[in-house]
Protein chains: 2
Amino acid sequence: MNYDEAKNKFISTWGSLGTLWGINKAMAQIHALLLISPEPLSMEDIMEQLQISRGNTSMNLRQLMDWGIVFKENKMGERKEYFTSEKDVQELARQIAKERSRRELQPTIKILKDVSNIDEDGTAKTKELIKQTKALHEMADTLDILMNRVIGQDHNWITKALVKLIK
Amino acid sequence: MNYDEAKNKFISTWGSLGTLWGINKAMAQIHALLLISPEPLSMEDIMEQLQISRGNTSMNLRQLMDWGIVFKENKMGERKEYFTSEKDVQELARQIAKERSRRELQPTIKILKDVSNIDEDGTAKTKELIKQTKALHEMADTLDILMNRVIGQDHNWITKALVKLIK
DNA sequence: TTAAACTTTCAAAAAATATTGAAAGATTAA
DNA sequence: TTAATCTTTCAATATTTTTTGAAAGTTTAA
């Protein structure tokens with residue numbers, strides 16, 4: 001496998017993985033491209049390399065910046081904007097975990113809490129609803145605490161977490 | 001909030017969450033319905049409660065069974081098939097983690113390994129590609145080991161894992 | 001000012017994904 | 001065997017999501 005093949009394979013794999021994380025293909029591919037690019041890229045560069053439109057590029061770059069994993073960079077004497085990705089993969093993972101907790105986990109926990117707090121009326125169906133949503137609530141809560149602890153850890157958290165769990 | 005409101009809220013929340021996990025809305029809703037139903041449900045029951053077609057119900061039930069989180073059940077003297085969900089939420093989480101590792105994580109790890117093994121040719125772009133895909137490979141590998149350890153643990157793994165990490 | 005260089009917005013079009021429903025396929029009972 | 005009951009399949013349709021591209025917006029230089 002040569003450089004171009006490897007690059008394309010990586011970008012397209014990352015692109016299809018994205019879909020499974022609630023991130024669309026173009027967004028994930030832009031991210032992949034920036035991640036392996038030694039230099040910041042301009043919008044034109046990205047459009048050309050991925051063969052996508054200006055509008056698409058603009059919107060997805062914005063989203064990546066909202067996620068906190070892509071940054072604008074200005075080159076001296078140039079009007080054009082350049083973009084880079086967070087290059088430290090552990091920092092990347094932490095940022096993603098943080099955003100997912102905020103966007104998905106926490107809202108879900110709130111709803112589970114509300115639903116599990118309805119009045120017990122003695123029927124089997126109500127009992128079951130309360131029981132199951134309580135169990136889910138408890139698990140989601142634990143997971144969120146766990147994720148946030150992990151986010152607060154230092155740089156090599158993932159290896160450290162692994163060591164702890166194996167012991 | 002009364003029973004019906006709570007039930008609908010839970011089913012629709014679970015349904016939209018599903019999308020973010022690579023599971024479609026109908027599939028996630030069927031699962032939610034079965035999870036809070038004290039009795040096994042027939043295909044007719046599910047179609048009626050969720051207002052979806054027979055074909056849709058049939059296909060999504062099959063997928064849920066492929067994921068190992070919904071089971072067929074036969075009532076004595078009845079021809080019709082009934083369905084139940086895995087009711088233990090921790091077992092549910094373990095099953096989902098196991099399947100996601102198998103379907104997504106492991107194939108990705110393989111590709112990252114291939115891509116990071118291309119020949120070093122001294123250029124900056126090749127260096128960066130190798131460096132970043134190696135880092136991702138290492139992280140994905142650690143995560144997979146971590147997930148599989150967790151899967152192998154007993155019933156109350158999540159709380160235990162949390163305790164370990166907090167210490 | 002104005003013009004040039006660049007970015008964002010958003011309605012329309014395209015592409016991808018999910019859903020339907022009727023026909024074909026199974027399974028069981030008689 | 002046939003008929004009844006139930007499930008699966010899949011081409012057609014509907015819905016949702018993504019992408020485009022041109023117009024509007026912004027910023028800077030002169």
Side-chain angles (χ1 to χ4, degrees), chain A residues 11-34 39-67 70-84 103-104, chain B residues 11-34 39-67 70-84 103-104:
Chain A
I11 290 174
S12 82
T13 305
W14 213 239
S16 29
L17 260 189
T19 323
L20 290 156
W21 286 82
I23 283 170
N24 76 37
K25 204 182 77 182
M27 188 171 155
Q29 288 189 342
I30 292 172
H31 178 249
L33 180 61
L34 292 173
E39 296 298 327
L41 300 180
S42 69
M43 240 171 69
E44 299 284 345
D45 295 335
I46 296 168
M47 286 165 62
E48 197 200 340
Q49 293 212 41
L50 300 179
Q51 293 290 314
I52 56 178
S53 72
R54 187 174 297 284
N56 202 357
T57 308
S58 170
M59 289 175 112
N60 285 117
L61 276 171
R62 166 122 74 99
Q63 289 206 70
L64 286 164
M65 290 187 287
D66 289 347
W67 272 79
V70 160
F71 315 105
K72 253 185 201 160
E73 204 155 293
N74 283 37
K75 286 197 183 175
M76 282 185 320
E78 281 211 58
R79 189 104 141 246
K80 219 184 288 185
E81 293 174 326
Y82 287 82
F83 301 88
T84 23
R103 294 171 193 225
E104 297 155 36
Chain B
I11 289 174
S12 82
T13 305
W14 213 238
S16 29
L17 260 189
T19 324
L20 289 157
W21 286 82
I23 282 170
N24 77 38
K25 204 181 76 181
M27 189 170 153
Q29 289 190 342
I30 293 171
H31 177 248
L33 179 62
L34 291 173
E39 296 296 327
L41 300 179
S42 69
M43 242 171 67
E44 298 284 344
D45 295 334
I46 296 168
M47 288 165 59
E48 196 200 341
Q49 294 212 40
L50 300 179
Q51 292 292 314
I52 56 178
S53 72
R54 188 174 296 285
N56 201 357
T57 309
S58 169
M59 287 174 113
N60 286 116
L61 276 171
R62 167 122 75 98
Q63 288 206 72
L64 286 164
M65 291 188 286
D66 289 347
W67 271 78
V70 160
F71 315 104
K72 254 184 200 159
E73 204 155 293
N74 283 36
K75 286 196 181 174
M76 282 186 319
E78 281 211 58
R79 187 103 142 245
K80 219 184 287 183
E81 292 175 327
Y82 287 81
F83 299 88
T84 22
R103 294 173 193 223
E104 297 154 36

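Letters A, B, ... mirror the listed sequences (proteins, then strands); counts begin at 1.
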Completion exercise
Nucleotide by nucleotide, nucleotides 7-12 of chain C touches protein heavy atoms under 4.0 Å in the pattern (B base, S sugar-phosphate only, - none) BBBB--

Exercise for the section: Send over the distance from I46(B) CD1 to dT20(C) C1', rounded to a whole Å. Expected result: 17 Å

Exercise for the section: Check the distance between dT20(C)'s P and I52(B)'s CD1 and give it to me in whole angstrom. Expected result: 7 Å

Problem - Separation of dT19(D) C1' from I30(A) CD1 (nearest whole Å) - result: 12 Å

For a quick test of your reading: what N or O donor-acceptor pairs under 3.5 Å do the side chains of residues 52-60 of chain B make, sequence neighbours left out?
residue, atom, partner, partner atom, Å
S53(B), OG, N56(B), N, 3.2
R54(B), NH1, E44(B), OE2, 3.4
R54(B), NH2, E44(B), OE2, 2.8
T57(B), OG1, S53(B), O, 2.7

Practice task
Nearest whole angstrom, please: distance from the P of dA22(C) to the CE of M47(B).
Solution key: 12 Å

Exercise for the section: For E78(B) and dC6(D), give me the distance from atom CD to atom P, rounded to whole Å. Expected result: 8 Å

Completion exercise
By salt bridge (charged side-chain N to carboxylate O under 4.0 Å, His left out), E81(B) pairs with (sequence neighbours left out) K72(B)

Problem - Heavy-atom side-chain proximity of Y82(B) to S42(B) below 4.5 angstrom - result: yes

Completion exercise
Nearest heavy-atom contact between G15(A) and A28(A) is CA-CB, 3.8 Å

Exercise for the section: Would you kindly give the CG-to-C1' distance between N74(B) and dC6(D), to the nearest whole Å? Expected result: 12 Å

Fill in the blank from the handout: Here the distance between atom P of dT19(D) and atom CG of L50(A), to the nearest Å, is 11 Å

Practice task
To the nearest Å, give me how far apart CG (N24(A)) and C1' (dA15(C)) are.
Solution key: 13 Å

Exercise for the section: Answer yes or no: are there more than 12 heavy-atom neighbours, outside R103(A) itself, under 6.0 Å from its atom CZ? Expected result: yes

Practice task
Identify the two heavy atoms, one from L61(A) and one from V70(A), that lie closest to each other, and give their separation to 0.1 Å.
Solution key: CD2-CG1, 4.2 Å

